Protein chains: 2
Amino acid sequence: MKLGVSPDIIPSRGHEAKRVSIMDAASEVFCRESFAGANIDMIAAEAGVSRQTIYNHHGDKEKLFVAIVRDLTERCNAGIFATISTFPDQPRDLEADLIAFAVRMNRNCICNRDGKFLRKLIQTEGERYPELFAEWREQGPGRTWPAIAARFARLAHAGFLDIDDPDVAARQFLALANAELQTTFMLGGTPDEDEVLQSATNGVRTFLRAFGKRQPAANASKLGALTNA
Amino acid sequence: MKLGVSPDIIPSRGHEAKRVSIMDAASEVFCRESFAGANIDMIAAEAGVSRQTIYNHHGDKEKLFVAIVRDLTERCNAGIFATISTFPDQPRDLEADLIAFAVRMNRNCICNRDGKFLRKLIQTEGERYPELFAEWREQGPGRTWPAIAARFARLAHAGFLDIDDPDVAARQFLALANAELQTTFMLGGTPDEDEVLQSATNGVRTFLRAFGKRQPAANASKLGALTNA
DNA sequence: GACGAATTGGACAAGAGTGTCTAAATTTGT
DNA sequence: ACAAATTTAGACACTCTTGTCCAATTCGTC
């Protein structure tokens, strides 16, 4: 029933506008209230849309929920890969560059709206939709962690780091960068820019104490420590 | 109206048995279904108790929920402090001792029933009960983290570690020990013994690469590490 | 075994939420 | 400006849940 030409992705401006408006409101409400606690009227009100329109678009509450998780997973993944592409492959100042990278990761992927919502939904409803969240696990950590590990492997190969297992190092890098934000995340809060920077700074410093090459040029004194396994 | 003597803590065996049975079932159901998704009949059935009994004991759903969070917080805290008291103040083999400590922490406080439930409830309902979970934050991380930090400070002072900020080190220690368990935790799963050991081992190794004293000359006597402060 | 307290099951009212249906109003493309 | 598609508000049936009430039963203790 399409009229031939371009209106294939965007059937109608208003229609699509409602769709995103519904998705936005629904993520918000599902996150705040949990699946069981959310109700359609709330979502409709928050989206500025009638209840019936939601049913027209998405069929029922559960389908809406699934659509939202898929959408969030996709968008978060895109953000993470975009951020990974800014990984400092040729660092000028390794510490500063890694801190900046960790901050970007946090700000753009973990603390932003999508990241916060997706995390909350996974934590809250993960057990109820095993296959849906298994999908997230494969698409999310299953693809992003190896990508980060590959960057660290390259950095190590180029002589900037001393890493045995890049996969372990990648996970630990992320864990360290977020070490100080755990409690805030637990309670669903959003750390401010300073906290993110602080945590990233402390995390990267520790990471480099563990995996950094001892200063190569100037003082060769500590190099001996590397030899004993 | 008490009958004088001992029956002050335990009014009646059956009564108290029902009480814990209700608490157990309710934690289970609240965690699995979230506050809004849980219903009293479910809890009653799982506790092997009539619905009315639950109302007799706890008044209403919300009071029951609050009682459970308080109970879990208390029990988890007790477990954490008990575990902290096993911190290796005089380590024989620093790496092995810290790994064992990290494993104990995980097994007894984070992966066990109470830890898992409390974490889930905080994540799921934290935003809805700000004052209740603020209380948790003070009683939990607010007291346990400094306690762990103090132990690390002592270890550093005794010459086993090279630590600038014990608070940061303590948080990073925990973050590293759990680095590989994050995804499992997110989805509400319980990592098995091997995964816990693996994560703790990798985490502690990295921790020691960052904060351990560089091996003194001969590795025959590690006691030598005590002298260089 | 007897007494009082606690528990039980079932009925009940009140309220809230889902999903459907309708006719009227609005928006969209042409 | 017209015709088709979409949206809207409201009513509706249905189900589920909470919290109360009560009479009958069971339990714990003496």
Side-chain angles (χ1 to χ4, degrees), chain A residues 1-26 28-68 125 128-129, chain B residues 1-26 28-68 125 128-129:
Chain A
M1 280 307 159
K2 298 276 167 52
L3 296 182
V5 212
S6 68
D8 192 72
I9 309 125
I10 302 164
S12 123
R13 179 137 36 262
H15 185 73
E16 205 54 25
K18 302 263 176 201
R19 172 165 240 105
V20 301
S21 166
I22 291 169
M23 298 285 273
D24 279 1
E28 186 93 27
V29 174
F30 277 135
C31 278
R32 202 175 56 227
E33 314 284 346
S34 85
F35 178 80
N39 70 336
I40 303 286
D41 294 282
M42 231 183 253
I43 296 172
E46 204 143 319
V49 145
S50 82
R51 179 173 61 247
Q52 186 57 44
T53 300
I54 294 182
Y55 284 105
N56 289 344
H57 277 257
H58 290 100
D60 66 19
K61 191 179 174 184
E62 183 157 330
K63 289 205 192 74
L64 173 59
F65 178 76
V66 171
I68 279 167
E125 314 292 346
R128 195 191 315 282
Y129 298 86
Chain B
M1 282 303 163
K2 296 278 168 52
L3 297 181
V5 215
S6 67
D8 191 70
I9 310 124
I10 302 167
S12 125
R13 178 136 38 262
H15 186 74
E16 206 53 25
K18 303 264 177 200
R19 172 165 239 103
V20 301
S21 166
I22 291 169
M23 298 286 272
D24 278 1
E28 187 94 27
V29 174
F30 276 134
C31 279
R32 203 176 53 227
E33 315 283 344
S34 85
F35 179 81
N39 69 334
I40 303 286
D41 294 284
M42 231 185 253
I43 296 171
E46 205 144 316
V49 147
S50 81
R51 178 173 62 245
Q52 186 56 46
T53 300
I54 294 182
Y55 284 105
N56 288 343
H57 278 255
H58 290 99
D60 66 18
K61 191 180 174 184
E62 184 157 330
K63 289 206 193 73
L64 174 58
F65 178 77
V66 171
I68 279 168
E125 314 291 344
R128 194 191 316 281
Y129 297 87

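Note that the structure is a prediction, hence the values are computed from the model and not measured. Just so we're on the same page: letters track the sequence lines, and every chain starts at 1.
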Exercise for the section: Determine the contact category for B:A44: base if any of its heavy atoms lies under 4.0 Å from a base atom, sugar-phosphate if only primed atoms, P, OP1 or OP2 are that close, otherwise nothing. Expected result: nothing
Exercise for the section: State which residues pass ring-ring contact (aromatic ring centres under 6.0 Å, His included) with A:F35; sequence neighbours excluded, sorted by chain then number. Expected result: A:F30, A:F65
Handout entry: Distance-minimising heavy-atom pair for B:I22 and B:A47
Key = CA-CB, 4.0 Å
Problem - Spacing of B:D60 atom CG relative to D:dT20 atom P, expressed in whole Å - result: 8 Å
Exercise for the section: Name all pairs fulfilling the salt bridge (Lys or Arg N to Asp or Glu O under 4.0 Å) condition that reach into residues 48-58 of chain B, sequence neighbours left out, sorted by first residue then second. Expected result: B:D41-B:R51
Problem - Criterion side chain to side chain contact (heavy atoms under 4.5 Å, CB included) on B:H58 and B:M23, from CA distance to verdict - result: CA-CA 10 Å; B:H58 290 99; B:M23 298 286 272; 3.7 Å; yes
Practice task
Establish, with yes or no, whether the OP1 or OP2 oxygen of C:dT7 is under 4.0 angstrom from a side-chain nitrogen or oxygen of B:T53.
Solution key: no
Practice task
Report yes if a side-chain nitrogen or oxygen of A:S50 is closer than 4.0 Å to either non-bridging phosphate oxygen (OP1 or OP2) of D:dT7; otherwise report no.
Solution key: no
Completion exercise
Of A:N39 and A:Q52, the one whose closest nucleotide on DNA chain C sits nearer the 5' end is A:N39
Problem - Atom pair distance, as rounded to whole Å: CD in A:E16 and C1' in C:dG29 - result: 16 Å
Practice task
For B:A38, report the nucleic acid contact type (base, sugar-phosphate, nothing); a contact means any heavy atom under 4.0 Å.
Solution key: sugar-phosphate
Exercise for the section: Figure out the CD1/P separation between A:I22 and D:dT6, and round it to whole Å. Expected result: 13 Å
Problem - Nearest-Å distance for atom pair OH/P, residues B:Y55 and C:dT8 - result: 15 Å
Practice task
In whole angstrom, give the distance that lies between atom CD1 of A:I40 and atom C1' of D:dC12.
Solution key: 17 Å
Problem - Under 4.0 angstrom between B:K18 side-chain N/O and D:dC27 OP1 or OP2 - result: no
Exercise for the section: Tell me what A:H58 touches on the nucleic acid: a base, only sugar-phosphate, or nothing, going by heavy atoms under 4.0 Å. Expected result: nothing
Fill in the blank from the handout: Here the pair of heavy atoms bringing B:K61 nearest to B:A38 is NZ-O, 2.9 Å
Handout entry: Below 4.0 Å: OP1/OP2 of C:dA6 and any side-chain N or O of B:H57
Key = no
Practice task
With DNA chain C as reference, determine whether B:R51 or B:R19 sits nearer its 5' end, using the nearest nucleotide of each.
Solution key: B:R19
Handout entry: Interatomic distance, B:D41 CG vs D:dC16 C1' [rounded to whole Å]
Key = 10 Å
Practice task
Rounded to the nearest angstrom, tell me the gap between atom CD1 in B:I54 and atom P in C:dT8.
Solution key: 10 Å
Problem - d(NZ, A:K61; P, D:dT15) in whole Å - result: 18 Å
